[in-house]
There are 6 protein chains.
Amino acid sequence: MIYQPWNALEAPRFTGPRTYARLPYLSGYQNPDLSEVEAAVFGMPWDGGASFRGGARLGPEGIRSASGMIRTYNPAQRVQVFGNISTIDYGDALTVPGYIEDTLLRIEEFIVPLIEAKVVPIGMGGDHSVTLAELRALAKRYGPLGLVHFDAHTDLNDLYNNKPYSHGTFLRRALEENIIAADRFIQLGIRGPLYSEEDVHLPASLGVESLSWLTCVELGFHALIERIYERVGDRPTFLTFDIDFVDAGACPGTGTPEVAGPTAFETMRILRALSRINFIGFDVVEVAPVYDEPGQVTSLFAANIVFEMLSMLALRKL
Amino acid sequence: MIYQPWNALEAPRFTGPRTYARLPYLSGYQNPDLSEVEAAVFGMPWDGGASFRGGARLGPEGIRSASGMIRTYNPAQRVQVFGNISTIDYGDALTVPGYIEDTLLRIEEFIVPLIEAKVVPIGMGGDHSVTLAELRALAKRYGPLGLVHFDAHTDLNDLYNNKPYSHGTFLRRALEENIIAADRFIQLGIRGPLYSEEDVHLPASLGVESLSWLTCVELGFHALIERIYERVGDRPTFLTFDIDFVDAGACPGTGTPEVAGPTAFETMRILRALSRINFIGFDVVEVAPVYDEPGQVTSLFAANIVFEMLSMLALRKL
Amino acid sequence: MIYQPWNALEAPRFTGPRTYARLPYLSGYQNPDLSEVEAAVFGMPWDGGASFRGGARLGPEGIRSASGMIRTYNPAQRVQVFGNISTIDYGDALTVPGYIEDTLLRIEEFIVPLIEAKVVPIGMGGDHSVTLAELRALAKRYGPLGLVHFDAHTDLNDLYNNKPYSHGTFLRRALEENIIAADRFIQLGIRGPLYSEEDVHLPASLGVESLSWLTCVELGFHALIERIYERVGDRPTFLTFDIDFVDAGACPGTGTPEVAGPTAFETMRILRALSRINFIGFDVVEVAPVYDEPGQVTSLFAANIVFEMLSMLALRKL
Amino acid sequence: MIYQPWNALEAPRFTGPRTYARLPYLSGYQNPDLSEVEAAVFGMPWDGGASFRGGARLGPEGIRSASGMIRTYNPAQRVQVFGNISTIDYGDALTVPGYIEDTLLRIEEFIVPLIEAKVVPIGMGGDHSVTLAELRALAKRYGPLGLVHFDAHTDLNDLYNNKPYSHGTFLRRALEENIIAADRFIQLGIRGPLYSEEDVHLPASLGVESLSWLTCVELGFHALIERIYERVGDRPTFLTFDIDFVDAGACPGTGTPEVAGPTAFETMRILRALSRINFIGFDVVEVAPVYDEPGQVTSLFAANIVFEMLSMLALRKL
Amino acid sequence: MIYQPWNALEAPRFTGPRTYARLPYLSGYQNPDLSEVEAAVFGMPWDGGASFRGGARLGPEGIRSASGMIRTYNPAQRVQVFGNISTIDYGDALTVPGYIEDTLLRIEEFIVPLIEAKVVPIGMGGDHSVTLAELRALAKRYGPLGLVHFDAHTDLNDLYNNKPYSHGTFLRRALEENIIAADRFIQLGIRGPLYSEEDVHLPASLGVESLSWLTCVELGFHALIERIYERVGDRPTFLTFDIDFVDAGACPGTGTPEVAGPTAFETMRILRALSRINFIGFDVVEVAPVYDEPGQVTSLFAANIVFEMLSMLALRKL
Amino acid sequence: MIYQPWNALEAPRFTGPRTYARLPYLSGYQNPDLSEVEAAVFGMPWDGGASFRGGARLGPEGIRSASGMIRTYNPAQRVQVFGNISTIDYGDALTVPGYIEDTLLRIEEFIVPLIEAKVVPIGMGGDHSVTLAELRALAKRYGPLGLVHFDAHTDLNDLYNNKPYSHGTFLRRALEENIIAADRFIQLGIRGPLYSEEDVHLPASLGVESLSWLTCVELGFHALIERIYERVGDRPTFLTFDIDFVDAGACPGTGTPEVAGPTAFETMRILRALSRINFIGFDVVEVAPVYDEPGQVTSLFAANIVFEMLSMLALRKL
């Protein structure tokens, strides 16, 4: 059996309760049989770790709403996605408003059955702190992970408000917990004001390769792609995509937008070039629909990012 | 087995794919076992019959989104609803953009299994033309129905654009098809400019009792309720609630709003007083989320209307 | 010939360039033949006199857009309006951004041909300062006018920013210019914080009758209506309706909203009771669509107010 | 010296950085001299305790923005407020996203200097959990407090997500901590679906008087006011105003709106009648500007609520 | 006589009922004298053929509203447009909500007088299905037309919901009806998920040249332009511009947006290079103002597209 | 003493009354001691000079709100800004709604103390007419200024509505008053429809160098930068940045947007290359938050522009 979406030529795309791409919903809280599932899209509705504007707790709802636009074949990658990769909507992790540490535990527990069943997890945030939970769950199985990190911010600060967990500090924790390998960690798209010159050197001081968007542009497309492949190598790697990687004008529906970043077209081109990396998990985070345009452009972009992640899995099967 | 929503004290209300009140989703297109179902909430995403602004095709999505606010017990009616009335979300009928007659047929076919299984249907529109499909399906079983019709408009015009079907003409068709009984049909809340003095007399000329909102106010609450009970009697009756019954300021998210109508409080008081009527089906229509406030007040109001309808079923079981 | 709107049963209400109620457009700047015109609706797109938020320069566009909802017969007043009162859309006065005094002159000149042709002017604002221009034009013909003034604010301040003209001072100017008669001037709906106790006594000190909304409620409907009739008497009177008269929740699309005012229903009931007053001109002002709900409720309300004004003219012809 | 707002007749109301009513800003984090201050308005920007939609962290910004509409004299209460009660904007407490318990501690510490200086605190939320911090700070000085609680919800649940602190449980904690006195605690406006019949009896079982909005209406205005005075008596009392007390149509900008509640006019009438109660602190909470109308009606209403609270202090000085 | 807009230096651009660019309105339903008209802009307010989100029925109103920004001279093309090309606003075709086939007939009939009078029609949609009506009207005169088709979608599907007419199938009908010539038909900008690999080959199988946006970028500007000229040749050609050609971030106000497309600047550059093609008609479709940004960017872009189309006509006269 | 913002790692960025970047507020109306101030950010809340849409009077509030995102170090320019350049928020000039000439005088007077104290003024508009006041104030000290003018429009028209002052004519006045030197004046980004071919030649006829955006693209980055340096030379120069320079899709929140302009990335790259020019004052104008996206992208962009201006001052100190 292959789990796949409802046919949009027969069922208008605006019909039915919204799951991602109208996929079958097998709730992670009902002990679903995952034996015929290859990939699971799920939500992490949490915005308690956001330092400026909230709203990402409704990110999964927004992405699911806009994902009615997603069909089944990816012409840019020349691959059939649905019908090929058996995919479900696994529902949302149960977060705990006001308690970030409990929330991270619950998300981790929610994902463990997927990993045990060799289902590739594709998370929808939620503010970026939720990624820590995914990394913890995956590292248990795979050891320290490589990380390709699309973002305008390094998320490597030590403390925020004198507290260890937030969307700006979670990758420092991940390094400390040894669930990601600094020497296989690359981040791209960094820009915007910082607190001090020290912040510029922070990633390097932690052994992390950090490319500002300006550096990405100066490198050029091919050199950039090469850098990423070289950095992460062949071993298991996670891809985390913070929607604020994209220029604020193109993806305004997020908590801490930064201007003067990549266009949607440039973003897609980079993302699609990474399909040969050994990704064992993915997420797209920081979608805050209350700050999106009425036309839901940010949610739509995120829905497409998820589709590209699924396309990478499909390409791998060819 | 009693179908009921997920417990909101354990699972935050903003989690999971949106079904009505987070009820289990048993899609009407997957031959669900309805033997243990008492009521089914479903969507009719259609706005092709709207004469001014569209947007009601996303009404079901909007109501489901706001229905996270709905809990299980109705303190105003002193009745436990969920846990008592086994209820599902039955999904959406597959409409056909651009083809109103085909759409009505599809909606009718979608509902038939519910009626055959003695499940009470509770529809979410969609522009008001969809109600014709529900009435057709129900009249097959029950014969000509009584009708309690909350609306700012009579919907009794003969033609619109020289065509028989639209949200302003469907009740004329229902009378012609003898699926509603004029002498058991009462409408309330009528107001707003008309096309001519003839329009004032139109309902009476068709044998329909039509109360303007001004008349409702002058009658007073108790006399109004009595009039409704007297009109519809004991036999099977349908309740159709057009959200533009409510004052445009309180429920702005609709296609043809009318000002100077009842408040939310007045509306609820009337609705709750009708629980002893022999309702065999319900709907709430004309919710257009694109015109709603950012706070989703119209969708929230509609979600509460559905909850009151379910409460009537629960009261009947006491 | 009777100028009237396009038939909405044949031409959908969302079609065609937006004039008020889809009336014929006879631009005031093209020397139109007004001999067969009885009433003219026109815009005064100006917000330079606003003390808090702007946006009323687009009031006429907003009201015209929402006025697609207006039909031809007024069932509450039992009168045929269009087809009976020959009415045109006269276009907009050409305002001068940044120059309030020039703007007032231009508006006045724009209206004069109407008054000379005995056409009843019905203005759409624009911030409230525009009313001064209308009063000047009308007083030239009729002498000092009576005034029925719906508003949350007295608009009787002497200076604003040490300047004579603004939406909070224009009625002080009108009194000084003797174009309105203090003893035939009544204002109702006043509420909200003031600058000092003196402000409470200001209207009385100028000979103006000023009723707070609280006083209106305490008087009761019938006494209130009587007070208005008594005050203005039989002589020529202007009706100016500031949309902030209505509770801010019901008409949020305005520059200086005040909470805790009348509902839409209460407002309409008062307005409809004034049809026997000798009104020789009308306006509705302070509609700011940028602050309106997506559902255009404020513009829709204003469009209905204009329709009620036209209905008064129709009643007078019976 | 009397701290008071900038004169709006000289400085347009839309000018300058937004403090509440353009009051002088004496930041609570800069050891301000409070010796000539009688009342302090401050923000508690926190939404981590919200169970449905977030956004209340920007409540203080929203109320400050809309408060440009607030002037200095209250004509409904016939009292000069500013110029009489020396008032400041004390800034915002520093909350800790993701950590509710730390946040409550920081808010409490922020308020203590006000209480020590006998300055009446007037808080702007923030989700309702912040009130617990205020009650803790005030109870240290005054002992167990009386409480007048305007709200659609009881906020008396024991646990939420198995956790003790949230906007739905904080008053249970307050009772357990003995910082409010159950026998001097009255809540009004309760409505909306509950989880079970038990929830109806919960307040009484804890010794709290709880009036649904329906009960308030049935009691009538005078009996309601009497009940409140009787309940709280002469001793120190806190007034907490959850903006969802008001009907969702009138104040949509909030996280957990409930329909069919009081109008703005009814609300103001009740509030103004309570001026003789011995209030030693106030707050208005749950304002979420991202869900407000473009016209900022909810924020404006909250700004007026704060002004009414200040007016009570001014009346007491007469 | 040359029909042209009102001078914006004398009449502020926000004044008067909104016609396109404030052009004179000669309604197509009033048998206008077209003898001195060279081009006519008109609306086709219809969204019944949309497969995802509706709202395009208000496209003509949105474009007219934003077109206040349009002036008379095109500096990029170095040509005087208004004052040179006598242009009118011809009003809107009367569509029939719910009945796509009748709607197409009415649009066709509405346009015929223009074609007979040798007036170049420039349509404003409406969902893309309306273009079929224009092609039918024009092909009667010119025979099978060449087609330059800007779009993210091929619109060449056979059936949608088992029905022949929709915005995704109308060009299949046009090919079948032989009103466009496949060998003179080129589409550009195609992107986004498809249903199957077959969809990739569909245009070629029908003899249509279809360029994905990625292909356009790889071709480069000059080669792309050459391909278009080569394809359509010298014979009569129609230009249809679906606003979703543009990247969703730049033109979000549309029903089925696709991300990662051309910028506004790239789009304009391509469009302006096509002025030597023998265009005998134009349209811009799929503008859905309810999904646009508050700043009306999509409508403004469409208003500029119309101006560029008029500029092509002006260039041809030089 | 160095005036600088509150530390965002300790005080969440959404806390406190909004000043620019949470800088200390030293109101220009309270005779502040400016001896230790190097730069002052201030608002000019005025939109009376706008020819299409208003709303720029709330530009300063919008920019301050979004500026919570601004931190202290500029990594693109490798310079510490805050902590280095002592900066304050100087509040807003008191404008006079309806009176443009008085408003310009008041703004000029407001700035004079800054210039006398050798504080660099950085203004936030307000429609573009406010720049005239700044230029007048600065020219008194420095003589005729050089001008680098980012804009889609030349703002060099002679009259608007037959009046001398507006946002489209103020630079003509500045040339006439000899407060800017035509031969040291360069404008870039010009695009959009004009009134006639004469308008194309207008800047040259006045001795001004005017580069359309198309010309800028054709020149290429380095030649463009060189042209700007060459034009303005070493003498005192003002930088005025109209937000409509940026493509309307990227900065929609403005009164007269123009499509097909530079991206945010291209804009920043140009701006950052100008740091060696002898700027003695700056402004960013035409931000109209009511037309911005819910995500405040335009205000955020403007807040970053201000930060880049401050960065230029910091670079100069190195």
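In what follows, every chain begins at residue 1, and chains take the letters A, B, ... in the order their sequences are listed.
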Are Thr131(B) and Asp283(B) linked by a side-chain donor-acceptor pair shorter than 3.5 Å?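 Side-chain D/A pair, Thr131(B) to Asp283(B): present.
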Closest-packed option against chain D by number of heavy-atom pairs under 4.5 Å, given [options]:
options	value
Phe265(B), Phe307(B), Tyr73(B), Phe14(B)	Tyr73(B)
Val246(B), Asn74(B), Thr72(B), Thr15(B)	Thr72(B)
Ala264(B), Ser311(B), Gly295(B)	Gly295(B)

Interface moiety of [X] toward chain B, non-hydrogen atoms closer than 4.5 Å:
X	value
Ser212(D)	neither
Val290(D)	backbone
Leu159(D)	backbone
Asp199(D)	neither

Per-residue contact mode, Phe301(B) against chain D (heavy atom under 4.5 angstrom):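 Its backbone and side chain both get close to chain D.
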Met69(B) versus chain D, heavy atoms under 4.5 Å apart: side chain, backbone, both or neither?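 Backbone plus side chain of Met69(B), per the 4.5 Å heavy-atom cut-off to chain D.
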Using the rule side chain to side chain donor-acceptor pair (under 3.5 Å), only one of His149(D), Arg227(D), Gln187(D) pairs with Glu209(D); which is it?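 Filter result, single survivor: Arg227(D).
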Between chain B and each of [options], count heavy-atom pairs under 4.5 Å; write down the option with the most.
options	answer
Gly249(D), Ser166(D), Pro257(D)	Pro257(D)
Asp247(D), Val200(D), Thr256(D)	Thr256(D)
Pro294(D), Gly168(D), Ala260(D)	Ala260(D)
Ser196(D), Gly261(D), Ala248(D)	Ser196(D)

Kindly confirm or rule out a cation-pi arrangement of [X] over [Y], judged by NZ or CZ under 6.0 Å from the six-membered ring centre and within 45° of its axis?
X	Y	result
Arg71(B)	Tyr195(D)	yes
Arg269(D)	Phe221(D)	yes
Arg276(B)	Tyr229(B)	yes

Salt-bridge contact Asp92(D)-Arg57(D) (side-chain N to carboxylate O under 4.0 Å):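 No.
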Would you mind checking if Asp89(B) and Arg64(B) are paired as a salt bridge, meaning a charged N to carboxylate O distance below 4.0 Å?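 Answer for the salt bridge query: yes.
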Measure the acute angle between the ring planes of Phe241(B) and Phe245(B), then classify it against the limits of 30° and 60° as parallel, tilted or perpendicular.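 Ring orientation, 0 to 90° scale: perpendicular.
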Check each of Thr254(B), Asp242(B), Asp244(B) against Val285(B) using the side-chain contact (heavy atoms from CB on, under 4.5 Å) test, and report the only one that passes.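 By the side-chain contact (heavy atoms from CB on, under 4.5 Å) criterion, Val285(B) pairs with just one of Thr254(B), Asp242(B), Asp244(B): Asp242(B).
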